[in-house]
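Inspection log for the structure reproduced underneath, given as structure tokens.
Position 1 is the first residue of the sequence; numbering continues from there.
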Amino acid sequence: MKLARDTWLIFQRQFLLLVRQPVWLFVGVFQPVMYLLLFAPLLKPALQASSDAEAYRIFVPGLLVLLAIFGGLFQGFGLIAELRAGVIERSRVTPISRLALLLGRSLRDVVSLIAQAVIITLLALAFGLSVFIGDLLLAYLLLALIALMTSALSYGIALVVKSEDALAPLMNTIAQPVLLLSGILLPLSFAPGWLQGIADWNPFSWAVDGARALFAGDLGNDAVWQGLSVMAVITVLAVVWAAREFARSVR
């Protein structure tokens, strides 16, 4: 109960700070919307899709996973600012749970991501996307796991490096291969066999496959449960590690 109460208190504070700066909604949605408007129309002939709906069922899930990955990986910059301002230092004298310090922030990031995902999905529906609501909600659960995991990793790494100058290139180094080897923009079925073999070791490629299966209405596809299982395990590991970094920083 104490952990839940402390997490809620941290979440409320972090969410209030987010609401006070509504520009986050525009910044977070702008780039995915540009992909949706300027890149997606090229997919129907490129993928030889039979309809716009089929093309969007392939593209939109990858776009949402892209949003979850990048939206989470760069959250650590805000934590470094809090470190510099002494916010984390002052937490040492409070009885609040160290795990709650992480979960409250990360859950704020998850809520932000889901709000952006809903906006993008609604826009895609106007362009011809069709998806069952139950499958869509399960896809959002997958996105929430990704956002929670990447956010926790970003916070943990930020506590280790304690510098924007170190965090920025490190996050870009992680994000670039993740993007290229997950089939986010185009399915990896178009890639050479050796590249597909490397991509099989990228857990985010499993998440993308699972999200695409859900948007296609194929709930029984093994990729759905494999993606959810892989993301759940990695999320737990990321949260445990990041929570330990918070505990070390707030002793």
Does the side chain to side chain contact (heavy atoms under 4.5 Å, CB included) test come out yes or no for Arg108 and Ser151, once each step is laid out? CA-CA 10 Å; Arg108 182 274 313 268; Ser151 172; over 6 Å; no
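- Between atom CG of residue Leu181 and atom CH2 of residue Trp201 there is a gap of 13.5 Å, rounded to the nearest 0.5 Å.
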For Glu82 and Arg105, run side chain to side chain contact (heavy atoms under 4.5 Å, CB included): C-alpha distance rounded to whole Å, both residues' side-chain angles, the deciding distance at 0.1 Å, then the answer. CA-CA 12 Å; Glu82 290 188 28; Arg105 288 172 168 82; 2.5 Å; yes
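- When the options Val239, Val110, Ile10 are evaluated for a side chain to side chain contact (heavy atoms under 4.5 Å, CB included) with Leu103, the one that passes is Val239.
- A distance of 9.0 Å separates CD in Gln14 from CG in Leu79, rounded to the nearest 0.5 Å.
- Contact detail for Gly62 and Val208: the closest heavy-atom pair is CA-CG1, 4.4 Å.
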Leu99 and Phe246: side chain to side chain contact (heavy atoms under 4.5 Å, CB included), yes or no, with the steps? CA-CA 7 Å; Leu99 177 57; Phe246 266 93; over 6 Å; no
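- Residues Val230 and Pro203 approach most closely at CG1-CB, 3.7 Å, considering heavy atoms.
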Step by step, work out the side chain to side chain contact (heavy atoms under 4.5 Å, CB included) result for Phe59 and Arg212. CA-CA 8 Å; Phe59 180 66; Arg212 286 195 172 120; 6.0 Å; no
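- Two residues are said to be in side-chain contact when any heavy atoms from C-beta on lie closer than 4.5 Å; Ile234 and Leu145 fail this criterion.
- Of all heavy-atom pairs between Ala242 and Ala152, the closest is CB-O, 3.2 Å.
- Using a 4.5 Å cut-off on side-chain heavy atoms (C-beta onward), Phe215 and Asp135 make no contact.
- Placement of Trp241 and Ile174 within a single hydrophobic cluster is found when ILVMFWY residues are connected by side-chain heavy-atom separations under 4.5 Å, directly or transitively.
- Counting only distance, with no hydrogens or angles, the side chain of Ser205 and the backbone of Asn202 share a donor-acceptor pair below 3.5 Å.
- Leu153 and Val233 are members of different hydrophobic clusters when ILVMFWY side chains are connected at heavy-atom separations under 4.5 Å.
- Side chains of Arg57 and Ser130 form a contact here, defined as non-hydrogen atoms less than 4.5 Å apart.
- Residues Leu141 and Leu137 have side chains not in contact (no heavy-atom distance under 4.5 Å, counting atoms from C-beta outward).
- The hydrophobic clustering, which links ILVMFWY residues whose side-chain heavy atoms are closer than 4.5 Å, places Ile114 and Leu122 together.
- Although no hydrogens or angles enter the test, the distance criterion places a donor-acceptor pair under 3.5 Å between the side chain of Gln116 and the main chain of Ser112.
- Looking only at side-chain heavy atoms (C-beta outward), Val178 and Phe70 stay at 4.5 Å or farther from each other.
- In this structure, Leu142 and Gly210 approach most closely via the heavy-atom pair CD2-C, 4.3 Å.
- Annotation: the span from Gln75 atom CD to Thr150 atom OG1 amounts to 8.0 Å, rounded to 0.5 Å.
- Considering only residues two or more places apart in sequence or on other chains, Leu83 meets the side-chain contact (heavy atoms from CB on, under 4.5 Å) condition with Ile88, Leu159, Lys162.
- Taking Ala100 as the reference, Leu3, Asp6, Thr7, Ser97 meet the side-chain contact (heavy atoms from CB on, under 4.5 Å) condition, with sequence neighbours excluded.
- Judged as a side-chain contact (heavy atoms from CB on, under 4.5 Å), and not counting sequence neighbours, the contacts of Phe77 are Phe74, Glu164, Leu167, Ala168.
- At least one side-chain heavy atom of Ile120 sits under 4.5 Å from a side-chain heavy atom of Leu67.
- Summarising the geometry, atom CG belonging to Leu214 is positioned 9.5 Å from atom CG belonging to Leu143; distances are rounded to the nearest 0.5 Å.
- Distance check, rounded to the nearest 0.5 Å: CG of Leu219 to CZ of Phe132 gives 11.0 Å.
- Across all their heavy atoms, Ile146 and Ala207 have their closest contact at CD1-CB, 3.8 Å.
- Val111 places none of its side-chain heavy atoms less than 4.5 Å from the side chain of Leu107.
- If you chain together hydrophobic residues whose side chains sit under 4.5 Å apart, Tyr56 and Ile133 fall into the same group.
- In this structure, Phe204 CZ and Ile69 CD1 are separated by 4.5 Å, a value rounded to the nearest 0.5 Å.
- Hydrophobic cluster membership differs between Leu237 and Leu102, with clusters built from Ile, Leu, Val, Met, Phe, Trp and Tyr side chains linked at under 4.5 angstrom.
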